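If you're wondering where the values come from, they're calculated on a predicted model, not measured in any experiment.
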Amino acid sequence: MHVSFYKIRKGVIKIRITSIKVNNFKSFGEIKNALILEKDVTAIIGKNESGKSNLLEAIGLLPFLSWRKGIRDYYENNRNLINNKGIEISFKFLCDELNPNESQLVFNNTKTANISGEISEILSKNKVLAIESKRLKGFIDKKQLWNIDSKEVDKFKDVIEPLVNVGDKVLLNFDRNINFIRGKVKKEYQNSKDVYQVIDKISEILREEYKRLPRIIYLEEVQELQYEYDFQDIEDIFKARNNVFYRLLQISNITKKDLDTAFHSTNEDYKQNTREELEEKINFDALRDFNDFYTQEDIQFKARFDGQKLKFSLKSGQGKRLSITERSDGLKWYLGLFIELKSLNYFSEPSLILIDEPGVHLHVNAQKEVLKFFDDLTSKGHQIVYTTHSPFMINNDNLMSVRPVSKDYLGYTVISKNFYDQELSSDSKMETLSPLVNAIGMDLKFNIGPSSNKINIITEGISDYYYLSAMIKFLDIDEDICIIPSTGASNINRLASILIGWGYEFNIVLDFDKEGLKEFKVLTEDLDSSLEPLIHFVDSDKEIDQDEMTENPVTIEDIIAQSDISKLVTKPNEDKVVASKEFYTRVLNGEVIPEDSTQEKFKALIEKMVSNSFDRPIVV
């Protein structure tokens with residue numbers, strides 16, 4: 001991972017991960033396996049079985065500073081079956097955005113991670129840490145001090161090394177391994193107190209320094225809280241533990257013994273008092289911050305014991321109180337997410353939050369609200385990485401945040417740097433990019449419409465929209481222009497008819513080809529002959545000529561210089577929409593500077609339409 005740190009408030013360090021490299025985990029090989037992260041939200045797209053979930057698992061299930069059940073299986077059972085090589089997850093990061101010195105952190109076993117660069121220097125320059133590490137090194141050589149059997153020698157060497165060579169390694173599963181080292185000191189040894197003191201001092205310093213390392217929260221699934229739970233449900237949940245209700249009890253500091261009393265105590269007064277205390281713990285202690293987390297409406301949450309069941313209801317503002325099952329799927333999803341994150345102490349410090357297919361069962365508007373919610377989380381210092389198949393979960397204003405994932409011809413998962421990456425597998429490109437392509441269409445559908453105080457321009461399709469929009473912005477044309485894409489040349493007359501009925505002025509752009517000529521005739525002969533001066537062909541220098549338009553057609557892509565087209569990864573003959581969106585994105589990012597011939601032709605076309613729009617309302 002690439003990680004940079006900067007303070008978001010006094011005493012708090014924000015960790016910003018910029019890349020993650022995954023070697024030999026499940027479907028990953030050793031090339032094309034680096035995920036470049038945005039500073040806020042990164043979306044992972046790809047068809048089924050492409051490796052999206054494997055990517056999140058590789059990061060989210062990584063054995064880090066705290067003990068995780070099954071960490072040995074992480075390395076042994078998730079190894080790539082094709083090459084059967086060892087798993088390695090590597091991080092690179094900057095300790096300060098103003099400091100160019102790079103650091104590296106590499107995970108390849110369950111006990112330690114290798115470090116180098118700037119973070120290594122920070123640890124090595126800690127004078128107190130250096131003194132205590134030197135003292136510990138002196139104790140290690142005294143064999144009579146340690147109670148280690150032959151089977152534990154290798155483990156002891158591995159876990160004590162990061163305490164001695166603090167600038168080379170990080171100790172994983174920190175508390176567990178520190179306790180292992182302390183447990184190997186012979187208490188009867190005359191200097192054992194000194195040894196304990198050194199170990200405790202080193203662990204105290206490292207515990208603070210390790211806060212510089214990234215914190216990862218992995219949500220494989222966001223569960224919804226149910227309307228009611230009886231005691232048998234609760235007993236089963238306490239056995240399984242992997243349940244949102246169990247986590248609600250955790251953040252409420254409620255034990256199984258508390259619930260046993262609330263359900264089964266024979267002392268009715270004590271039973272009722274316990275119930276009231278537990279209700280208050282859930283309603284006020286656990287969920288009082290929910291309205292800071294979910295800002296769309298003010299929600300009052302209520303848990304109450306009813307006979308032999310614990311029930312949950314919600315009230316919005318001054319509305320009627322309803323059972324939780326009667327509320328929207330979106331609200332239930334947010335509540336489940338809140339409980340999950342709070343149980344993981346997400347509020348304590350900035351984290352990388354990984355979510356697999358968020359809001360997959362939510363309706364369209366609720367999915368759009370999830371994207372807004374992600375923006376709110378990132379404003380608090382968090383980063384989000386999520387996988388999705390839904391076009392509504394793609395931020396069309398920032399397609400550069402999308403990372404396509406696909407399989408190469410050998411079956412390895414490869415990660416593309418952006419949606420127009422040259423390394424994106426051509427065999428499955430369109431299927432991989434389908435959520436993005438659909439998102440482009442959805443965004444236009446919901447956001448584009450005619451305006452009475454702008455220059456309305458009707459185009460044949462979405463690709464024309466992106467090419468024109470890119471060149472209008474690149475040429476810095478200071479006019480209010482509204483581009484309205486049709487769904488093909490033959491439907492332009494329908495849009496024109498609607499705008500005429502609404503009293504809107506407009507211009508029309510057609511390709512200089514057979515279809516363009518056909519629509520020109522429909523517009524001028526069947527709809528309104530006065531439309532003729534409002535219709536412009538993409539090659540503005542040419543006069544209408546049926547033979548020329550049939551034999552030598554000119555589309556909007558043809559007025560772009562071939563040298564500009566050659567810079568695109570996705571060519572127009574492969575996918576017109578993706579190619580046009582790539583052109584738009586790269587022109588605005590400064591990656592593609594259109595040739596003079598491209599600029600001249602678009603400038604002539606646009607100026608012709610602008611000069612043709614007279615008597616427009618003046619925007620003050």
Side-chain angles (χ1 to χ4, degrees), residues 20-37 41-61 74 77-83 87 89 218-224 329 333 337 353-364 366-368 370-371 374 384-396 399 401-442 569-570 574-575 577-578 581:
I20 306 168
K21 191 173 184 179
V22 178
N23 277 348
N24 303 314
F25 182 91
K26 291 190 174 180
S27 58
F28 284 89
E30 295 180 322
I31 60 173
K32 302 178 184 177
N33 55 356
L35 173 66
I36 309 300
L37 272 70
V41 180
T42 305
I44 312 295
I45 65 172
K47 62 181 184 178
N48 291 334
E49 306 301 323
S50 60
K52 301 188 303 297
S53 295
N54 288 349
L55 178 58
L56 294 196
E57 283 182 22
I59 308 164
L61 298 180
Y74 177 90
N77 294 346
N78 291 315
R79 190 172 298 180
N80 185 293
L81 297 179
I82 301 175
N83 60 27
I87 294 171
I89 315 293
Y218 178 34
L219 300 174
E220 297 177 74
E221 179 185 9
V222 176
Q223 299 177 353
E224 295 179 1
D329 290 338
W333 186 85
L337 181 62
I353 302 174
L354 310 172
I355 310 179
D356 201 6
E357 296 286 348
V360 66
H361 301 300
L362 303 183
H363 60 74
V364 171
Q367 289 187 28
K368 292 180 180 180
V370 170
L371 289 180
F374 284 170
I384 307 289
V385 175
Y386 69 96
T387 63
T388 189
H389 285 96
S390 171
F392 300 103
M393 288 296 297
I394 301 292
N395 182 357
N396 195 44
L399 293 185
S401 67
V402 175
R403 303 291 180 267
V405 170
S406 59
K407 290 278 186 74
D408 66 13
Y409 70 99
L410 291 174
Y412 288 114
T413 293
V414 295
I415 308 170
S416 297
K417 297 174 185 176
N418 46 53
F419 73 89
Y420 54 82
D421 194 331
Q422 292 181 349
E423 296 179 349
L424 183 59
S425 172
S426 58
D427 293 338
S428 59
K429 179 185 289 187
M430 290 306 105
E431 189 174 355
T432 299
L433 295 179
S434 61
L436 182 144
V437 175
N438 290 332
I440 293 172
M442 292 298 119
V569 174
T570 301
E574 295 176 324
D575 190 290
V577 174
V578 173
K581 181 61 177 178

Closest non-hydrogen atom pair, Phe28 against Ile415: CE2-CD1, 3.7 Å
Whether over 12 other heavy atoms sit under 6.0 Å from Glu30 CD: yes
Pairwise side-chain contact, Val385 with Arg403, heavy-atom cut-off 4.5 Å (strictly under): no
Reported CD1-to-CD1 distance for the pair Ile355 and Ile384, which is rounded to 0.5 angstrom: 5.0 Å
Ser27: side-chain contact (heavy atoms from CB on, under 4.5 Å) partners, not counting sequence neighbours: Asn54, Lys407, Thr413
Straight-line distance of Leu337 CG to Glu224 CD, nearest 0.5 Å: 11.5 Å
Considering all heavy atoms, the nearest Thr388-Glu357 contact: CA-OE1, 3.5 Å
Reported CG-to-CD1 distance for the pair Leu37 and Ile59, which is rounded to 0.5 angstrom: 7.0 Å
Interatomic spacing from OG in Ser401 to CD1 in Ile36 - rounded to 0.5 Å: 13.5 Å
Minimum heavy-atom distance between Lys52 and Lys47, given as atom pair plus value: NZ-O, 3.4 Å
Short side-chain to backbone donor-acceptor contact, Tyr386 and Phe374, under 3.5 Å: no
Heavy-atom closest pair, residues His389 and Gly46: NE2-O, 3.5 Å
Polar contact flag, side-chain donor to acceptor under 3.5 angstrom, Ser53-Asp356: yes
Candidate pair Lys32 and Tyr412, rule side-chain contact (heavy atoms from CB on, under 4.5 Å), full reasoning: CA-CA 9 Å; Lys32 302 178 184 177; Tyr412 288 114; over 6 Å; no
Nearest-0.5 Å distance that lies between atom CD1 in Ile44 and atom CG in Leu35: 4.5 Å
Spacing of CG belonging to Leu371 relative to CG belonging to Asn395, to within rounding of 0.5 Å: 6.0 Å
Closest non-hydrogen atom pair between Asn24 and Ile87, with its separation: O-CG1, 3.4 Å
Criterion side-chain contact (heavy atoms from CB on, under 4.5 Å) against Thr387, the qualifying member of Leu56, Val405, Leu354: Leu56
Exercise: identify the closest heavy-atom pair between Gln367 and Ser390: OE1-OG, 2.5 Å
